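Shown next, in structure tokens, is the structure this report addresses.
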Amino acid sequence: MITHALADTHGRVATDLRVSLTDRCNLRCSYCMPAEGLDWLPDQTMLTDDEVVRLIHVAVERLGVREVRFTGGEPLVRRGLVEIVRRTKALAPAPEVSLTTNGLGLERVAPALADAGLDRINVSLDSVRAETFATITRRDRLADVIAGLESAQAAGLGPVKVNAVLLRGVNDDQAAELLRWCLERGYELRFIEQMPLDAQHGWSRTEMVTAEEILAALTTQFRLRPAVQPRGSAPAELFTVDGGPATVGVIGSVTRPFCGDCDRVRVTADGQVRNCLFAREESDLRSALRAGATDEELAIRWVAAMRTKRAGHGIDDPSFLQPTRPMSAIGG
Ligand code: SAM
């Protein structure tokens with residue numbers, strides 16, 4: 001029974017839960033992690049599969065969460081993923097369940113994910129040139145990602161979405177090429193502006209490729225028109241391509257923030273609630289869970305964590321401070 005809403009003090013209510021299943025990843029994207037990786041979260045702090053499902057159960061059955069997205073790190077490296085998806089989909093009312101992945105290993109596991117009830121999938125792919133892919137991810141694995149995309153589509157997880165980040169001087173000349181490649185295969189492409197969330201603090205406002213630049217590059221080769229559907233809380237601004245029905249999305253997290261419509265809340269792999277990607281505070285649900293808290297007590301803690309959600313991420317504010325956790329440990 002829904003007993004509380006995850007409301008903040010700015011009139012927003014969170015109904016979309018992002019669950020990070022691990023901070024580990026098998027790629028080393030330069031805008032996310034250093035080449036040598038990071039100090040991973042200690043094993044004993046990681047939520048077990050049962051603990052993850054318990055928190056999702058509280059979110060869905062008491063707090064009105066309607067969508068659950070699994071992310072990381074790389075969620076496919078979590079051994080219990082398929083069963084976590086199955087148990088999440090079995091909650092009442094059943095939430096929409098989706099996954100954000102780099103696609104490595106997806107070729108093999110996509111049918112099992114579809115069978116477990118996964119509704120949608122986003123695969124991150126910044127370039128379809130093997131050399132550029134290897135430069136960005138520091139791994140020569142483009143073929144595996146492509147096989148993963150094909151397998152997801154064949155398993156019925158479509159329409160498959162592709163997420164891309166453009167980096168100046170690396171792949172910012174490839175926006176139109178990536179869009180054409182996705183259109184030819186029926187994948188829905190979304191470009192995401194690079195955000196200040198990398199462990200090595202390499203982000204710079206002047207270097208990042210803006211939504212405006214991305215759109216300018218695309219319009220040299222395609223006719224884009226704002227898609228008519230209301231944007232709502234969706235982060236992507238959608239455009240029809242060459243008259244549609246295909247669309248392309250641009251997520252202008254930095255230059256076109258959508259904080260006023262945010263309906264998201266996050267739980268990290270070590271059981272901390274974050275009310276914003278850029279929050280500098282977290283609320284510890286793991287300790288409460290392990291100390292024997294009831295569902296109602298967990299719900300009350302979670303509600304309290306939402307009350308401190310700020311109106312906006314403040315990236316453009318001179319006082320902005322990057323969160324101490326990098327993206328890989330928060331869950332993108
Ligand atoms: N490993 C999975 C993947 O690659 O999709 C899930 C986690 S990853 C952190 C989620 C998304 O965040 C990816 O699309 C990735 O490109 C994006 N990402 C990572 N660091 C980013 C940054 N600094 N700015 C914008 N997007 C970023």
Side-chain angles (χ1 to χ4, degrees), residues 18-34 37-38 40 68-78 81 98-106 109 113 118 120-127 132-133 135-139 141-142 144-145 148-149 152 157 160-168 170-172 174 178 182 187-205 207-211 214 235-236 249-258 264 266-269 274 277-278 313 315 320 322-323 325-332:
R18 310 278 158 123
V19 180
S20 173
L21 292 177
T22 176
D23 59 329
R24 296 176 189 227
C25 192
N26 36 20
L27 295 181
R28 292 287 179 273
C29 301
S30 61
Y31 54 85
C32 191
M33 259 192 220
L38 295 165
W40 310 122
V68 178
R69 175 173 292 275
F70 294 106
T71 179
E74 174 44 47
L76 292 188
V77 306
R78 174 112 185 189
L81 173 66
S98 56
L99 177 75
T100 301
T101 172
N102 64 25
L104 298 189
L106 183 59
V109 81
L113 286 169
L118 188 73
R120 282 173 288 118
I121 195 158
N122 287 49
V123 178
S124 303
L125 177 62
D126 302 329
S127 173
T132 311
F133 180 92
T135 301
I136 295 173
T137 65
R138 304 185 175 107
R139 299 286 186 273
R141 304 291 299 272
L142 175 63
D144 301 76
V145 182
L149 279 163
L157 293 171
V160 174
K161 290 186 184 160
V162 170
N163 293 348
V165 175
L166 294 181
L167 304 175
R168 196 170 303 287
V170 181
N171 64 341
D172 57 337
Q174 297 177 29
L178 195 52
C182 287
Y187 306 144
E188 289 183 11
L189 178 61
R190 271 129 184 67
F191 291 97
I192 311 174
E193 278 182 345
Q194 189 191 356
M195 295 177 278
L197 286 168
D198 56 314
Q200 57 281 30
H201 292 245
W203 180 88
S204 120
R205 178 73 168 80
E207 272 299 294
M208 62 164 283
V209 180
T210 64
I214 297 165
V250 178
I251 303 180
S253 323
V254 178
T255 64
R256 302 177 180 197
F258 35 86
R264 280 169 283 284
R266 296 178 148 78
V267 173
T268 63
R274 295 181 63 90
L277 252 183
F278 296 94
H313 58 45
I315 294 175
F320 174 78
Q322 188 173 329
R325 266 189 204 253
M327 177 73 125
S328 53
I330 297 173

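Here the structure is a predicted model, which is why all the values come from computation and not from measurement. All ligand and atom numbering here is 1-based and tracks the order in the structure.
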Any residue meeting ring pair (Phe, Tyr, Trp, His ring centres under 6.0 Å) with Y187, in chain and number order, not counting sequence neighbours: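 For Y187, the residues satisfying ring pair (Phe, Tyr, Trp, His ring centres under 6.0 Å) (neighbours in sequence not counted) are W181.
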Indicate whether the side chain of [X] and that of [Y] have a donor and an acceptor atom separated by less than 3.5 Å.
X	Y	result
T101	E74	yes
R69	T100	yes
R190	N122	no

E193 side chain to V254 backbone, donor-acceptor under 3.5 Å: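 Answer holds: yes.
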Any donor-acceptor N/O pair, T71 side chain to G332 backbone, under 3.5 Å: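 Present.
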Show me the short polar-atom pairs for ligand 1: any N or O of it lying under 3.5 Å from a protein N or O, with distances only.
unit_1	atom_1	unit_2	atom_2	d
ligand 1	1 (N)	G73	O	2.9
ligand 1	1 (N)	E74	OE1	2.9
ligand 1	4 (O)	S124	OG	3.4
ligand 1	5 (O)	T101	O	3.3
ligand 1	5 (O)	S124	OG	2.6
ligand 1	14 (O)	S124	OG	2.7
ligand 1	16 (O)	Y31	OH	2.8
ligand 1	23 (N)	Y31	O	3.3
ligand 1	23 (N)	M195	O	2.9
ligand 1	24 (N)	M195	N	2.8

